[in-house]
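Structure, as structure tokens:
The basis for the numbers below is simple: all heavy atoms, side chains too, and nothing from hydrogens, waters or symmetry mates. Both ligands and their constituent atoms are indexed starting at 1 by order of listing. Counting begins at 1 with the first residue of the sequence.
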Amino acid sequence: MSEFEYDLFTIGAGSGGVRASRIAASHGAKVAIAEEHRVGGTCVIRGCVPKKMLVYGSMFAEELSHAENYGWSVGEKSFDWPSLRDFVNSDVDRLEGLYGKTLESHEVDLFEERATITGPHTVKLASGREITAKHILVAVGSWPAMPDFPGVEHCISSNEVFHLEEQPKCLMVAGGGYIAMEFAAIFNALGSEVTVVNRSGRILRSYDEQIVERMLHIAMGRGIDFKMHSLIQKVEKQEEGCLLVDLGDSNPVQVDQVLIATGRSPKTTGLGCENAGVELDEKGAIKVDEYNKTSCDSIYAVGDVTNRVQLTPVAIREGHAFADTVFGGNPRTINYDHIPSAVFSQPPLAGVGLTEREARNTYGNVKVYSSDFRPMKNIFSPHAERGLYKMIVDEASEKILGIHMIGPESPEIMQVAAVAVKAGLTKQAFDDTVALHPSMAEELVLLK
Ligand code: NDP
């Protein structure tokens with residue numbers, strides 16, 4: 001008999017933790033998992049999934065406005081936020097149930113309470129029970145980082161935005177990253193007045209500058225107001241419930257809600273890492289090696305809590321690789337090159353590999369091919385928005401270094417284009433491929 005109650009105790013039932021637990025169990029390990037909020041974690045409960053559903057919901061505004069041009073009579077249109085909110089949240093409940101069933105079917109014991117580390121092989125549940133395990137996996141994710149200004153308690157984060165009682169008539173979004181751009185677009189499409197406040201002159205820093213420029217141009221054309229080089233100094237709640245935001249100039253702005261989207265921090269506070277000698281970096285992230293092992297031999301960590309790449313599919317891969325390594329006799333590491341990513345703004349943008357600037361800095365001589373086109377889908381759009389695709393190629397080897405795009409469905413197209421970049425294909429391989437006509441994706445094989 002083992003000296004431990006479990007082979008694996010996972011803290012956090014999000015994307016990484018659930019994948020690791022079920023794969024470890026399928027390798028024959030006795031597994032338990034603890035979750036203090038809801039099974040599914042950020043992505044399923046208060047992130048990617050409900051966000052994407054809000055994007056879909058908000059896109060009807062534009063689709064309906066085009067419908068008459070295509071011969072449809074849609075009558076009087078109105079939008080009801082509680083209906084969309086409740087529909088999205090009911091699907092979140094469904095998905096949470098499915099995640100729970102996955103754990104159950106793999107005989108993973110679920111403790112629906114907070115667990116903290118008390119030693120290299122022990123965790124303590126909120127109820128007081130102490131549990132021993134041969135290995136502990138920390139997969140507790142990250143949490144919205146809230147800046148420190150007077151009145152920040154009146155602001156919301158992406159955790160709360162899915163549950164708002166009412167749709168804000170005026171919304172201020174602080175930050176210029178993924179969450180800021182996605183929610184600014186959602187509420188703009190739903191008819192809210194949206195102002196984005198960004199501390200520098202750049203948004204979406206990791207994306208190709210030309211693509212981001214196009215996004216900004218389109219977003220401003222759609223009525224989103226950007227206040228660059230601006231920081232919230234203070235938020236005051238008014239008697240009638242509105243918020244008065246001081247941006248450090250003489251023009252305080254009155255809004256209904258302020259959404260803070262200024263990054264996410266690893267959720268290690270109070271986790272007990274110090275009880276097992278698990279080292280953190282200066283941002284509070286758990287330090288791990290390439291096999292996801294921490295500075296304590298029996299404790300591993302995957303996903304956002306390690307602050308490597310804060311993306312769900314990466315956490316899932318890390319969790320899977322951990323389980324194969326420790327319980328499947330198959331040591332595996334993750335290759336972090338060429339991870340495609342997208343911002344589900346409207347229109348969305350997507351990228352893989354090096355941006356033009358990164359490629360020029362690294363390779364010197366690069367060729368840039370592009371297509372600046374009007375998507376057929378936008379013919380009836382009042383905005384006449386143009387798509388932009390770019391391919392960055394190493395002049396010496398002709399290998400594709402990066403692909404970047406903005407336009408309808410660009411994340412869908414990017415997933416496939418990323419396979420080509422990952423496989424080390426050249427521009428010639430795209431040129432040799434016959435266009436699929438009429439599509440937006442065909443622009444990729446017609447780049448000049
Ligand atoms: P991001 O890291 O994307 O962006 C943070 C933004 O906030 C940046 O513009 C940053 O500015 C700014 N900022 C940081 N600190 C401050 C501060 N103290 N005051 C004012 N502004 C500040 O974070 P998000 O919160 O948008 O998202 C968190 C993570 O979640 C992302 O990194 C991403 O990995 C993941 N995510 C992914 C999505 C997707 O794949 N589609 C969707 C949503 C989230 P600066 O550039 O100057 O540092």
Side-chain angles (χ1 to χ4, degrees), residues 14-16 41-56 141-152 155-162 172-186 195-207 209 211-212 215-216 219 226-235 245-248 258-267 283-285 303-316 318 336 339-352 355 405-406 409-412 414-415 418:
S15 301
T42 299
C43 176
V44 174
I45 305 295
R46 62 192 92 80
C48 329
V49 173
K51 178 274 310 284
K52 187 77 183 274
M53 292 182 76
L54 290 184
V55 171
Y56 281 138
S142 58
W143 201 248
M146 300 298 271
D148 192 15
F149 56 75
V152 71
C155 305
I156 57 167
S157 72
S158 54
N159 287 348
E160 292 78 39
V161 74
F162 298 103
M172 180 174 285
V173 182
Y178 285 83
I179 296 177
M181 291 308 116
E182 293 180 341
F183 280 98
I186 288 167
T195 305
V196 174
V197 174
N198 188 43
R199 67 175 171 184
S200 74
R202 270 201 75 181
I203 58 166
L204 298 171
R205 244 174 235 288
S206 60
Y207 284 87
E209 283 164 64
I211 300 288
V212 173
M215 200 225 82
L216 256 179
F226 285 84
K227 291 193 188 303
M228 298 295 193
H229 304 286
S230 216
L231 262 184
I232 299 180
Q233 306 296 323
K234 190 168 64 174
V235 172
V245 186
D246 175 0
L247 295 171
V258 178
L259 169 65
I260 305 287
T262 52
R264 298 176 58 86
S265 307
K267 208 164 165 250
K283 290 188 170 152
D304 282 10
V305 76
T306 64
N307 204 20
R308 287 171 286 184
V309 180
Q310 288 187 338
L311 293 175
T312 299
V314 176
I316 289 174
E318 288 168 353
Y336 292 91
I339 297 172
S341 63
V343 183
F344 294 94
S345 45
Q346 294 174 33
L349 56 91
V352 67
T355 63
M405 47 173 76
I406 178 166
E409 317 294 354
S410 54
E412 305 292 338
M414 180 54 73
Q415 178 67 84

Where is the nearest protein heavy atom to atom 7 (O) of ligand 1: which residue, which atom, and how far? Thr262 CA, 3.2 Å
For atom 1 (P) of ligand 1, which protein heavy atom lies nearest, and how many Å away is it? Gly177 CA, 4.0 Å
Given the options Ile316, Thr42, Val314, Ser15 meets side chain to side chain contact (heavy atoms under 4.5 Å, CB included) only with Ile316
Partners meeting side-chain contact (heavy atoms from CB on, under 4.5 Å) with Ser341 (sequence neighbours left out): Tyr178, Tyr207, Leu311
So the atoms of ligand 1 within less than 4.0 Å of a heavy atom of Gly263 turn out to be 5 (C), 23 (O), 24 (P), 25 (O)
Tell me whether Ser341 reaches ligand 1 (any heavy atom closer than 4.0 angstrom to a ligand atom). no
Measuring centre to centre across the rings, with the benzene-like ring taken for any Trp, is Phe344 within less than 6.0 Å of Tyr56? no
Nearest-neighbour protein heavy atom for atom 30 (O) of ligand 1, which is reported as residue plus atom name and distance: Arg264 CD, 3.8 Å
Within less than 4.0 angstrom of ligand 1, does Ala174 place any heavy atom? no
Provide, to 0.1 Å, the distance between atom 26 (O) of ligand 1 and the closest protein heavy atom, together with that atom's residue and name. Ile179 N, 2.8 Å
Mind checking whether Gln310 has an N or O less than 3.5 Å away from an N or O of ligand 1? yes
So is Asn198 touching ligand 1 or not, going by heavy atoms under 4.0 Å? yes
Do Thr195 and Lys227 have side chains that approach each other closer than 4.5 Å (heavy atoms only, starting at C-beta)? yes
Give the table of side-chain donor-acceptor pairs shorter than 3.5 Å for residues 196-204, with sequence neighbours excluded, one pair per line with atom names and distance.
residue: Asn198; atom: OD1; partner: Gly176; partner atom: N; Å: 3.3
residue: Asn198; atom: ND2; partner: Ser200; partner atom: O; Å: 3.1
residue: Asn198; atom: ND2; partner: Arg202; partner atom: O; Å: 2.7
residue: Ser200; atom: OG; partner: Arg202; partner atom: N; Å: 3.0
residue: Ser200; atom: OG; partner: Arg202; partner atom: O; Å: 3.1
residue: Ser200; atom: OG; partner: Arg205; partner atom: NH2; Å: 3.2
residue: Arg202; atom: NH2; partner: Arg205; partner atom: O; Å: 3.0

Say whether Lys51 and ligand 1 are in contact under the criterion: heavy-atom distance to a ligand atom below 4.0 Å. yes
Ranking Ile232, Val343, Leu231 by closest non-hydrogen atom to atom 19 (N) of ligand 1, top hit is Leu231
Shortest protein contact, atom 17 (C) of ligand 1 (heavy atom only): Arg199 NH1, 3.6 Å
For atom 37 (C) of ligand 1, what is the nearest protein heavy atom, given as residue, atom name and distance? Tyr178 CD2, 3.6 Å
Note the single closest protein heavy atom to atom 8 (C) of ligand 1, along with its residue, its atom name and the distance in Å. Gly176 N, 3.9 Å
Return yes or no for this condition: an N or O of Phe344 is under 3.5 Å from an N or O of ligand 1. no
Polar contacts were defined as any N/O atom of the residue lying under 3.5 Å from an N/O atom of the ligand; does this apply to Glu182 and ligand 1? yes
Does Leu311 approach ligand 1 within less than 4.0 angstrom via side chain, backbone, both or neither, non-hydrogen atoms only? side chain
